[in-house]
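These numbers come from a predicted model, not from an experiment.
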Amino acid sequence: MRAPKYKALVDALAQQIRTGRLPAGHRLPTHRRLASAEGIALVTASRVYAELAAMGLISSEQGRGTFVRDLVVTPGEGISEREVAADAIDLSFNSPSVPGQAELLRQALRDLAGAGDLDALLRYQPHRGRGQDRAAVARHLRRRGLDVGRERILLVNGAQHGLAVTAMALFKPGDVIAVDAVSYYGFIVLARTLGLDLVPVPISGRGPDLDALESLCRSRRVRAIFTMPTMHNPLGLVYDEPQRTRLAAIARDHDVLIVEDASYAYLAENPPPPLATFAPERTVYVSSLSKSVASGLRIGFLAAPVELVPGFERVIRVTTWQTPALNSAIACRWMDDGTVDRLEDEKRLDAQARQAIADEVLAGLPSVRHPSSYFRWLPLPPDARPDRIAATLAGRRIAVSTGEPFAPVPPPPQALRLALGSVPLATLRTALDQVREAIDADQSR
């Protein structure tokens, strides 16, 4: 079968971009001008640009036009598509750590070795987790303001696995999921992989626009709302109690499920109760110890309505069978003996110290952040080029994320996201100085 004629134009433009004949930042003709110049229909011109965008070669900026991307920075770079060089400063990913964590693990392993139940940890475990481990998670969640019994708890391999279990158990391709217009990239990628229809809801400093959410629920059959009401990633928002009350009411009025991602909730001091307490009959609460304790521990947990638990358990069985019992035994000991609470307190103080440094270095630049969060969102003016700034910093061995991975649908926001939790404090100031310099230089062009 012969390829459609427009494919030849796609190939020709792609070749010009890859060879540098069309350099990074070059403004391409409008869709209408391209159609006129090439003698093709307007809809075909739009298809050409859509394919080039899908290849990561161009990007559209609302109100400005279509531009050749800087190929030094691939779409989504700084998130999960490549490893950061060993000698680079990583401001693209959070893996917060505080002194003494390695020694805690050594001691935990010694304690397990002397406990006499090592043989039990080597056998298959219940898919949802051992009863005593689920009870420990329930006690931990009670301290976070969520009072659930162990029959509603399932152990998973980190929060991302928890989100995958939830989506695979509850949703089917084409289901409409309401998400914030700026949202967690891990859920966005998961939803796209499963063929879910993400519909963005405008978001402001208070949280999602609930009038817009309610209008969406009236006009379309929304299956679920994905939300991060306590320490939103990447904006650092903490929704107030009236916001939570109304969001729960909207979900109840329109028979919509809620997926509450609480991965960073531990950083907020005295937040309102989890959203799951406002609509327990329809909320799946997802969290983990990856950020609050250690990313390598890979322990997460779901709290769900009892009737949903069997479906979740089936998905755990076909994805990972179980959470490793050795990991869960260590994690649950730390939940019960106060280690998790202490580490969470220390990391909250650490995040505050890092935000204070960022406040000083980035003073005067628009920023969206919480004083206790590990991330900072830097909105950029309409004429800025986030990919160019990221490429400049990559040349200086500093990795940052553009706003593109956090957009459920195009166009991507004009922004950078800085992850502050993976580098030493002394290094952080130096890196942020470079970020400030790169942004200032881009804006002076």
Side-chain angles (χ1 to χ4, degrees), residues 80 83-90 93-126 128-144 150 153-162 262-267 287-301 316 320-354 372 374 419-428:
S80 59
E83 291 186 3
V84 176
D87 61 342
I89 299 173
D90 190 1
F93 191 78
N94 274 319
S95 183
S97 179
V98 293
Q101 289 192 198
E103 184 53 41
L104 284 174
L105 178 59
R106 290 190 186 93
Q107 186 58 52
L109 292 171
R110 293 189 197 102
D111 292 344
L112 278 180
D117 63 348
L118 283 182
D119 186 58
L121 298 180
L122 298 178
R123 295 195 292 267
Y124 282 125
Q125 308 295 327
R128 72 174 76 174
R130 300 187 303 173
Q132 64 265 40
D133 292 343
R134 289 185 286 112
V137 171
R139 291 189 291 271
H140 171 70
L141 292 180
R142 203 166 295 127
R143 294 192 294 274
R144 286 189 174 180
R150 71 179 189 178
I153 301 293
L154 302 99
L155 296 186
V156 289
N157 287 265
Q160 185 65 34
H161 182 228
S263 297
Y264 281 100
Y266 74 96
L267 289 171
S287 192
S288 77
L289 301 186
S290 296
K291 303 303 181 184
S292 62
V293 177
S295 55
L297 196 57
R298 306 315 305 153
I299 289 292
F301 31 87
I316 294 171
T320 61
W321 189 272
Q322 66 178 69
T323 299
L326 184 63
N327 293 11
S328 61
I330 292 172
C332 292
R333 280 170 176 260
W334 284 350
M335 289 182 196
D336 279 340
D337 70 11
T339 298
V340 170
D341 291 342
R342 178 169 59 79
L343 289 173
E344 290 181 347
D345 289 342
E346 290 181 11
K347 291 188 179 182
R348 192 178 305 115
L349 292 174
D350 179 61
Q352 291 170 0
R354 293 168 185 271
S372 296
Y374 272 119
L420 308 179
S422 296
V423 300
L425 281 173
T427 305
L428 178 63

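Aromatic ring orientation, His140 versus Phe301: perpendicular (interplanar angle above 60°, classes split at 30° and 60°).
Atoms CG and OG1, on Leu105 and Thr339 in that order, are 11.5 Å from each other to the nearest 0.5 Å. In this structure, the separation between CD1 on Ile299 and OG on Ser287 is 12.0 Å, given to the nearest 0.5 Å. Atoms CZ and CD, from Arg130 and Gln322 in turn, are 10.0 Å apart once rounded to the nearest 0.5 Å. One finds the OH atom of Tyr374 at 9.0 Å from the OH atom of Tyr264 (value rounded to the nearest 0.5 Å). Separation of atoms CG (Asp350) and CG (Leu425) is listed at 5.5 Å; rounding is to 0.5 Å. Atoms CG and CG, on Leu112 and Leu121 in that order, are 6.5 Å from each other to the nearest 0.5 Å.
Annotation for Asp90 and Ser422: closest pair O-CB, 4.0 Å, computed over non-hydrogen atoms. In plain terms, the two heavy atoms of Ala159 and Ser288 that are nearest each other are N-CB, 3.5 Å. Residues Lys291 and Pro96 approach most closely at O-CG, 3.5 Å, considering heavy atoms. Contact detail for Tyr266 and Arg348: the closest heavy-atom pair is O-NH2, 2.7 Å.
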- With side-chain contact (heavy atoms from CB on, under 4.5 Å) as the test, would you mind laying out the steps for Arg134 and Leu154 before giving the verdict? CA-CA 7 Å; Arg134 289 185 286 112; Leu154 302 99; 5.7 Å; no
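Residue pairs meeting the side chain to side chain donor-acceptor pair (under 3.5 Å) criterion with at least one partner in residues 323-332, sequence neighbours excluded, are Asp133-Ser328. For residues 325-342, every residue pair satisfying the salt bridge (charged side-chain N to carboxylate O under 4.0 Å, His left out) rule, not counting sequence neighbours, is listed here: Arg139-Asp336, Arg143-Asp341, Arg342-Glu346.
The main-chain N or O of Ala419 is never found under 3.5 Å from a side-chain atom of Arg354 such that the two would form a donor-acceptor pair.
Side chains of Ser290 and Gln160 form no contact here, defined as non-hydrogen atoms less than 4.5 Å apart. Between Arg150 and Val137 there is no side-chain heavy-atom pair separated by less than 4.5 Å. Side-chain contact between Leu349 and Gln352 is present, with heavy atoms from C-beta onward closer than 4.5 Å. Ile153 places a side-chain heavy atom less than 4.5 Å from the side chain of Leu141.
Listed by chain and residue number, Asn157, His161, Ile316 satisfy the side-chain contact (heavy atoms from CB on, under 4.5 Å) test with Thr320 (two or more places apart in sequence, or in another chain).
A salt bridge does not link Lys347 to Glu344: none of the charged nitrogens lies less than 4.0 Å from a carboxylate oxygen.
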